[in-house]
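Notes follow once the structure below has been shown.
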Protein chains: 2
Amino acid sequence: MAIGRPSPSSSQTPDPGAARRTSRARGIPEATVARLPLYLRALTALSERSVPTVSSEELAAAAGVNSAKLRKDFSYLGSYGTRGVGYDVEYLVYQISRELGLTQDWPVVIVGIGNLGHALANYGGFASRGFRVAALLDADPNVVGSTAAGLPVRHMDELEDIVVTQHVSIGVITTPPGAAQQVCDRLVEAGVTSILNFAPTVLTVPDGVDVRKVDLSIELQILAFHEQRKAGDEPSAGDSVLDRAPGPVRAAAAKLRRAAGGGKAADQAKSTPAAKGAKGPDDDLSAVMPA
Amino acid sequence: MAIGRPSPSSSQTPDPGAARRTSRARGIPEATVARLPLYLRALTALSERSVPTVSSEELAAAAGVNSAKLRKDFSYLGSYGTRGVGYDVEYLVYQISRELGLTQDWPVVIVGIGNLGHALANYGGFASRGFRVAALLDADPNVVGSTAAGLPVRHMDELEDIVVTQHVSIGVITTPPGAAQQVCDRLVEAGVTSILNFAPTVLTVPDGVDVRKVDLSIELQILAFHEQRKAGDEPSAGDSVLDRAPGPVRAAAAKLRRAAGGGKAADQAKSTPAAKGAKGPDDDLSAVMPA
DNA sequence: ATGCGTTTGTGAACGTGTGCACAAAGATGG
DNA sequence: CCATCTTTGTGCACACGTTCACAAACGCAT
Ligand SMILES: NC(=O)c1ccc[n+]([C@@H]2O[C@H](COP(=O)([O-])OP(=O)(O)OC[C@H]3O[C@@H](n4cnc5c(N)ncnc54)[C@H](O)[C@@H]3O)[C@@H](O)[C@H]2O)c1
Ligand SMILES: NC(=O)c1ccc[n+]([C@@H]2O[C@H](COP(=O)([O-])OP(=O)(O)OC[C@H]3O[C@@H](n4cnc5c(N)ncnc54)[C@H](O)[C@@H]3O)[C@@H](O)[C@H]2O)c1
């Protein structure tokens with residue numbers, strides 16, 4: 001870190017600091033909050049089918065979670081169930097909606113109306129809950145004229161005005177990564193205190209501002225990791241034997257790595273032929289280590 | 001409940017069961033795996049600026065995490081750092097890429113080429129890592145003819161063939177929610193073992209298949225929750241005093257809720273005047289609680 | 001009323017994740 | 001070769017999250 005101020009808090013989706021801070025008040029765990037929308041969706045579906053009550057077991061199955069977890073989650077909201085019967089669907093829908101703040105209207109601005117911004121603007125499920133697109137914003141004059149989902153794309157100049165007059169507290173960023181921090185700063189400066197970031201960048205925001213990120217690339221990489229595992233491999237490494245060994249050997253290896261500038265090319269070349277024989281987590285250190 | 005089979009495993013993003021299962025092998029914690037792409041991105045940026053080495057402190061700042069956490073994360077991969085110096089950027093880029101399985105090519109199919117599918121197909125950062133769009137698929141004959149990002153949209157009939165011949169193991173679902181499970185089943189049946197789901201549905205998959213979801217609506221709802229908190233409110237309850245009180249009172253309340261079919265409307269009405277006295281679980285000592 | 005079957009709500013045990021704090025490793029300069 | 005300074009790697013304590021298992025609560029039939 002560099003800064004010495006209280007705490008710039010570059011909070012992101014998995015920020016446990018925010019958890020303590022935000023759920024301190026009435027003590028709803030962050031993990032529970034993240035599941036409430038899931039329950040709500042399942043409940044809404046039941047509601048539409050006019051199902052009057054539902055047991056924790058059924059609802060848990062519909063939401064894809066453990067029933068004990070679901071009951072504990074609900075217990076944080078209060079005791080809304082009836083033993084021997086289950087939960088009243090309509091009542092629970094309302095309670096969760098209220099807890100999530102969906103009984104009020106949340107105006108949202110989307111900044112960066114390119115491919116993704118367009119898709120989001122057109123997204124119906126957006127408004128289905130209390131979210132209303134207050135404005136679409138872009139910096140490109142060619143885009144500013146157009147409309148998306150019936151809404152006009154407005155110029156960035158109007159950002160501050162829109163945020164203030166429409167009381168926008170949630171901003172969605174779908175600009176290229178290079179512009180994201182700058183856009184974020186302007187949003188925050190104007191009064192936005194929650195940001196949903198689709199750009200692959202770590203945003204730094206002041207305390208009190210929440211940032212959540214949606215990152216396709218990260219998700220795919222996580223899947224790739226597990227996929228590789230399933231393929232029954234060991235990554236055919238080029239390390240460990242040396243790196244795991246304590247003593248001066250490791251130091252030597254590290255030194256060589258640093259010295260041999262092009263670690264990338266060298267290692268890459270090595271990785272392919274590594275149809276490895278058998279042993280260790282990996283084998284051939286030889287390629288890196290011109291022993 | 002219904003099913004009695006071993007375990008349908010409707011795993012979703014935050015599935016700790018998968019964590020144990022998948023990271024058992026060489027023991028990389030799931031939380032660490034989720035951060036590796038973040039480090040990789042920061043490292044790639046450093047690499048492009050030809051920075052030779054980086055300290056855990058610097059890199060942690062760039063990735064927006066705690067430096068101790070970062071060091072611990074790296075320690076799971078092996079000892080790739082040099083005390084007193086830091087980490088060799090190029091070498092680390094390669095090691096993480098390898099661990100994530102990005103040194104190989106991952107063909108991906110996208111199913112449902114509507115607004116979102118189009119955006120994803122056009123997404124450059126897709127291919128920037130080892131991910132290659134093997135095919136775009138859709139059921140709508142009107143869409144099937146067209147092209148997106150230079151690729152032709154092909155018909156669902158070709159799904160199985162494409163998956164098999166191109167060895168696709170990762171599928172992205174961007175169909176309407178109603179079609180998602182069905183599409184998922186076909187993908188899995190054809191041999192896909194990792195799914196990235198953008199449709200707001202809980203997917204049920206057999207054991208051994210990983211599902212990660214990206215859900216805009218959920219993210220917004222979580223933000224709304226925190227936003228509501230920040231607004232220094234208590235959801236203006238319509239419950240608590242009764243619901244928290246043990247004894248027959250709660251039962252009576254529950255009974256009333258069930259009986260009064262329209263729980264929603266009823267409660268809504270009731271909730272407003274509930275400026276109640278004091279105690280409940282919530283009441284409102286929080287009225288001024290600065291988040 | 002009483003008893004029976006069902007389902008909630010939660011205590012307690014366990015597993016996972018986080019962050020501090022520090023010893024040991026290595027670099028660097030003399 | 002030694003002293004000093006930097007930075008890693010990790011033991012440890014604690015916080016958070018999950019799951020089991022069960023008593024208490026409730027509806028309902030008798
Ligand atoms: N398209 C996807 O599927 C996808 C997936 C994951 C992540 N992302 C990320 O989402 C972001 C948007 O992706 P996209 O495909 O829509 O890109 P895009 O280039 O199509 O759209 C970006 C838009 O942002 C506007 N913009 C640029 N600088 C701006 C600024 N300073 N202020 C306001 N607007 C500005 C541009 O005019 C453009 O309209 C990117 O960061 C991308 O990495 C996209
Ligand atoms: N657009 C967004 O920003 C956004 C945001 C969050 C979530 N989502 C979700 O992503 C999904 C797609 O959203 P969209 O806006 O692109 O919708 P869309 O209606 O524009 O596109 C859906 C596409 O799926 C195709 N399709 C329908 N049934 C199919 C089937 N059985 N097999 C194959 N293809 C089929 C349709 O022909 C259409 O081309 C939806 O589930 C939506 O809820 C979208």
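Each chain gets a letter, A, B and so on, in the order the sequences are listed, and its residues count up from 1. Computed from a predicted structure; not experimentally measured.
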- prompt: Taking B/C184 as the fixed residue, which of B/I195, B/T204, B/N197 is the one that meets the side chain to side chain contact (heavy atoms under 4.5 Å, CB included) rule?
  reply: B/I195
- line: Which of B/L40, B/V214, B/L38 passes side chain to side chain contact (heavy atoms under 4.5 Å, CB included) with A/I218? Answer is B/L38
How close or far is atom [atom2] of [N] from atom [atom1] of [X], stated in whole angstroms?
X     : N      : atom1 : atom2 : value
A/L59 : C/dG9  : CG    : P     : 12 Å
A/D73 : D/dG17 : CG    : P     : 10 Å
A/F74 : C/dT7  : CZ    : P     : 16 Å
A/L77 : C/dG9  : CG    : C1'   : 13 Å
B/K69 : D/dC16 : NZ    : P     : 13 Å
A/L70 : D/dT19 : CG    : P     : 12 Å
A/L36 : D/dG17 : CG    : C1'   : 15 Å
B/Y76 : D/dG11 : OH    : P     : 10 Å

- prompt: If you find the nucleotide of DNA chain D closest to B/S55 and the one closest to A/R71, which residue's nucleotide is nearer the 5' end?
  reply: B/S55
query: With side chains defined as the heavy atoms from C-beta onward, is the minimum distance between B/E90 and B/Y94 less than 4.5 Å?
result: no
B/L92 vs B/Y39 side-chain heavy atoms within contact, under 4.5 Å: no
message: Please classify the nucleic acid contact of A/Y87 as base, sugar-phosphate, or nothing, using heavy-atom distances under 4.0 Å.
response: sugar-phosphate
message: So A/A68, base contact, sugar-phosphate only, or nothing? Heavy-atom distance under 4.0 Å.
response: base
Audit row: B/S217, B/Q221, side chain to side chain donor-acceptor pair (under 3.5 Å) steps and yes/no: CA-CA 6 Å; B/S217 181; B/Q221 288 174 54; 2.9 Å; yes
Among [options], which nucleotide has an atom closest to any side-chain atom of [X]?
X     : options                : answer
B/V85 : C/dA27, D/dG17, D/dT19 : C/dA27
A/S75 : D/dT18, C/dG17, C/dG9  : C/dG9
A/R83 : C/dG19, C/dT18, C/dG9  : C/dG9
B/T82 : D/dG9, C/dA27, D/dT18  : C/dA27

- prompt: Is any side-chain N or O of B/N66 closer than 4.0 Å to OP1 or OP2 of C/dG17?
  reply: no
field: Side-chain-base donor-acceptor pair under 3.5 Å for B/K72 and C/dG17
entry: no
